[in-house]
Amino acid sequence: MRPLSEIERNRIEKVRRLREAGSEPYPARVRRTHTTAQALAAFAASPEGKPEAAVAGRLRSIRTMGKATFAHLEDASGRLQIYLRADELGPEMLRTFADLYDLGDFIQAEGYLFATRTGEVTLHVRALAMLAKSITPLPAAKEDEVDGKRVVYSAFDNPEARYRERYADLALNPDVRDVFRARAKVVTAVRSFLDGLGFVEVETPILQPIYGGAAARPFVTHHNQLHQDLYLRISFELYLKRLLVGGLERVYEIGRDFRNEGVSFKHNPEFTQLEFYVAYADYRDVMTLTEELVSHTAQAVRGTMRVAYQGQTLDFTPPWRRVDLNQIVGEASGIDLRQHPTAEGLAGAMREHGHSPTPGATRGKLIESLLAHYVEPSLVQPTFVYDYPRDISPLAKIKPGDPQTVERFEGFVAGMELCNAFTELNDPLDQESRFDEMARMYGADDEDRNPLDEDYLNAMRYGMPPNGGFGMGLDRLTMLLTDQATIREVILFPHLRSREEPRRSASGDVTQPETLGRDE
RNA sequence: GGCCCACUAGCUCAAUUGGCAGAGCAGCUGACUCUUAAUCAGUUGGUUGUAGGUUCAAGUCCUACGUGGGUCACCA
């Protein structure tokens with residue numbers, strides 16, 4: 001427990017004094033007839049009528065002038081100015097307000113609405129009560145004057161502090177609240193789009209005895225009673241496709257994936273993923289669906305398919321540009337992939353171009369690294385890159401007539417991978433040999449090697465309809481649609497390193513700090 | 001994991017070649033019955049991230065560590 005500051009000790013004393021004066025600082029009941037927005041609307045509807053209103057919210061500013069005080073009260077709908085006068089409220093109540101009420105307190109105020117000399121609609125208060133006393137002051141906003149121009153600094157703009165105390169961030173920064181309202185709209189829009197097409201929303205296990213469906217390291221956990229190690233899922237794919245075997249033709253899931261990897265502006269260890277699978281469709285159909293889904297969502301959230309993002313305008317209007325992977329990598333890197341059919345040959349060509357390819361990487365991995373290096377950053381407008389190397393896509397179906405290529409595409413926007421999809425492999429015998437292939441390629445001790453999911457093969461042997469599958473990070477989509485540069489701005493409580501806490505020994509001395517829960 | 005940068009009052013930031021740690025806001029006391037960056041007068045608040053080192057003297061220089069940010073690597 002951190003020691004209380006002087007201000008906090010003061011405010012706790014005010015809690016005591018309020019109770020002493022017979023006023024409960026944390027009452028159970030609230031009297032509220034209007035939100036602040038409704039109060040403003042009530043006045044607009046009847047400017048001469050002095051409409052009555054009782055509002056509740058957080059005190060955000062106080063301006064005292066002796067026997068009169070102006071203050072602003074904020075609720076989820078906005079702000080309302082309140083006006084307290086000694087001759088109306090009584091000198092004792094005004095005194096109580098001055099002495100015992102602080103910025104950040106939740107209060108209720110009741111009275112009538114009028115317009116001040118400067119035209120601001122204001123509640124003329126006759127009765128006032130504390131709803132919840134704030135002990136710790138919110139990090140205060142600062143405003144300053146530079147060369148005669150008013151500059152408003154949000155005092156609470158330190159990213160670390162904002163993420164660690166998101167509640168304070170939300171309380172102080174309305175834009176942050178707006179981002180998360182928009183995020184909720186993204187999810188709603190995605191759902192309503194898919195529901196409208198007859199998709200069934202399902203939920204599949206997060207705790208999985210065998211993980212799979214993506215190349216990523218999992219988090220490991222343990223079931224005590226069953227003495228069983230379990231993994232937090234890295235994708236939904238293998239479970240959702242089992243459902244196609246079961247006769248559900250269109251399924252989707254929105255939920256959390258967990259990947260035990262590094263953190264960056266576009267990676268969080270847990271993130272929200274959308275996956276859907278459509279029977280009797282291939283990756284071309286899924287491209288069209290993707291364009292419609294994303295443009296629909298942009299329209300629903302932003303009211304337009306042309307969205308400003310980090311100084312650029314992203315145009316999600318279908319159709320999106322479609323480019324062949326081999327061709328665009330060749331053009332961008334100056335390496336003609338067709339002339340280097342082996343991993344060794346391609347690695348040699350890369351070295352000639354000044355790269356140091358990972359030793360032992362497959363040809364597919366090399367191509368992917370070229371894609372990431374040369375192509376991905378330049379794909380600002382929504383673009384589908386299609387036809388991927390077979391060896392990095394063990395769950396995708398071979399392209400007819402081209403055994404080294406699979407029907408897979410990724411969608412890129414603003415230099416970032418947004419989604420990944422393919423014509424799903426539904427041939428159980430081919431799937432089994434692809435798993436075997438992966439096992440040989442990776443070797444038994446490689447952490448990226450997925451364990452073989454026998455039950456998945458078992459399901460497929462019953463017969464799986466041809467289908468197209470799709471995965472998209474909803475955090476990243478939200479970034480694009482809310483103009484946020486990092487994934488942390490669209491996740492309420494992003495992953496942070498654990499704080500180092502000084503530990504107290506039995507004698508009460510502070511011992512050497514110990515690092516807890518660090519990665520690696 | 002590598003490299004770079006940052007860490008000073010509750011918040012945002014100053015502090016010359018190493019030479020008495022400061023300001024604004026917030027807080028506290030007082031004045032003020034249409035203010036909204038309220039205004040005016042006064043005032044409290046510091047182990048300069050942590051631990052060592054160099055020095056007559058360290059916020060400043062050196063080393064290690066911590067935390068955060070950036071970047072590279074990694075991430076089918």
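Source: prediction; values computed, not measured. Every chain is numbered from 1 and lettered A, B, ... according to where its sequence line falls, protein lines coming before strand lines.
Listed by chain and residue number, A/Arg126 satisfy the salt bridge (Lys or Arg N to Asp or Glu O under 4.0 Å) test with A/Glu52 (two or more places apart in sequence, or in another chain). Applying the salt bridge (Lys or Arg N to Asp or Glu O under 4.0 Å) test to A/Arg434 and every residue at least two apart in sequence or in another chain returns A/Asp430. With sequence neighbours excluded, the residues that form a side chain to side chain donor-acceptor pair (under 3.5 Å) with A/Ser134 are A/Arg11. In this structure, the side-chain contact (heavy atoms from CB on, under 4.5 Å) partners of A/Asp324, at least two apart in sequence or on a different chain, are A/Asn326, A/Gln327, A/Tyr386, A/Asp387. Under the rule for a side chain to side chain donor-acceptor pair (under 3.5 Å), the partners of A/Tyr83 that lie at least two apart in sequence or sit in another chain are A/Arg85. Under the rule for a side chain to side chain donor-acceptor pair (under 3.5 Å), the partners of A/Gln81 that lie at least two apart in sequence or sit in another chain are A/Arg63, A/Thr122. For A/Arg476, there are no salt bridge (Lys or Arg N to Asp or Glu O under 4.0 Å) partners two or more places apart in sequence or in a different chain. Partners of A/Glu74 by salt bridge (Lys or Arg N to Asp or Glu O under 4.0 Å), not counting sequence neighbours, listed by chain and number: A/Arg60, A/Arg79, A/Arg177. For A/Lys241, the side chain to side chain donor-acceptor pair (under 3.5 Å) test picks out A/Glu237, A/Glu424, A/Tyr456, with sequence neighbours left out.
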* Asked: Which is it for A/Asp75 and A/Arg58 under the salt bridge (Lys or Arg N to Asp or Glu O under 4.0 Å) test, yes or no, and what are the steps along the way?
  -> CA-CA 6 Å; A/Asp75 65 12; A/Arg58 199 193 273 277; over 6 Å; no
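For the pair A/Phe97 CZ and B/C32 C1', the computed distance is 16 Å after rounding to whole Å. Atom CG in A/Leu84 sits roughly 17 Å away from atom P in B/C32 (whole-Å rounding). Atom CG in A/Asp87 sits roughly 13 Å away from atom C1' in B/C34 (whole-Å rounding). Separating the CD1 atom of A/Ile7 from the C1' atom of B/A9 is a distance of 10 Å, rounded to the nearest angstrom. Put simply, NE2 on A/His495 is 15 Å from C1' on B/C75, counting in whole angstrom units. Across the protein-nucleic acid pair, A/Met65 atom CE and B/G30 atom C1' stand 16 Å apart, rounded to whole Å.
Each of B/U35, B/C34, B/U33 was ranked by its minimum atom distance to the side chain of A/Ala86; first place goes to B/U33. In this structure, of B/U33, B/C32, B/C28, it is B/C28 that holds the atom nearest to the side chain of A/Asn10. For A/Lys14, the side-chain atoms get nearest to B/C28 when compared with the rest of B/U33, B/C28, B/C75. The side chain of A/Gln81 approaches B/U35 more closely than any other nucleotide in the set B/U35, B/C34, B/U33. In this structure, the nucleotide among B/C28, B/U35, B/C34 sitting nearest to the side chain of A/Phe114 is B/C34. The side chain of A/Asp102 approaches B/C28 more closely than any other nucleotide in the set B/C34, B/C28, B/A38.
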* Structure fact -> Its dot-bracket string being built from Watson-Crick and G-U pairs below 3.5 Å, with | for another strand and [ ] for crossing, RNA chain B has the pattern (((((((..((((.....[..)))).(((((.......))))).....(((((..]....))))))))))))....
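For the contact set between residues 416-432 of chain A and RNA chain B, defined by any heavy atom under 4.0 Å, there are no members.
At a cut-off of 3.5 angstrom, the base of B/U35 holds no donor-acceptor pair with the side chain of A/Glu120.
Of the P atoms belonging to B/U63 and B/G2, the separation is 16 Å, rounded to the nearest Å. B/A14 and B/U71 have their C1' atoms separated by 29 Å, given to the nearest Å. Comparing the C1' positions of B/C65 and B/U29 gives a spacing of 44 Å, expressed to the nearest Å.
Close to B/U35, at under 4.0 Å from its OP1 or OP2, lies no side-chain N or O of A/Lys67.
A distance-only check finds no donor-acceptor pair linking the side chain of A/Glu88 to the backbone of A/Ala127 [under 3.5 Å].
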* Structure fact -> Given protein heavy atoms under 4.0 Å, the one-letter contact record of nucleotides 40-47 of chain B, with B base, S sugar-phosphate only and - none, is simply --------
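Between A/His373 and A/Leu395, the residue anchored closer to the 5' end of RNA chain B is A/His373, taking for each the nucleotide with the nearest heavy atom.
Taking the ring centroids of A/Phe422 and A/Tyr283, they lie at or beyond the 6.0 Å cut-off.
Here A/Tyr83 lies in heavy-atom contact (under 4.0 Å) with a base.
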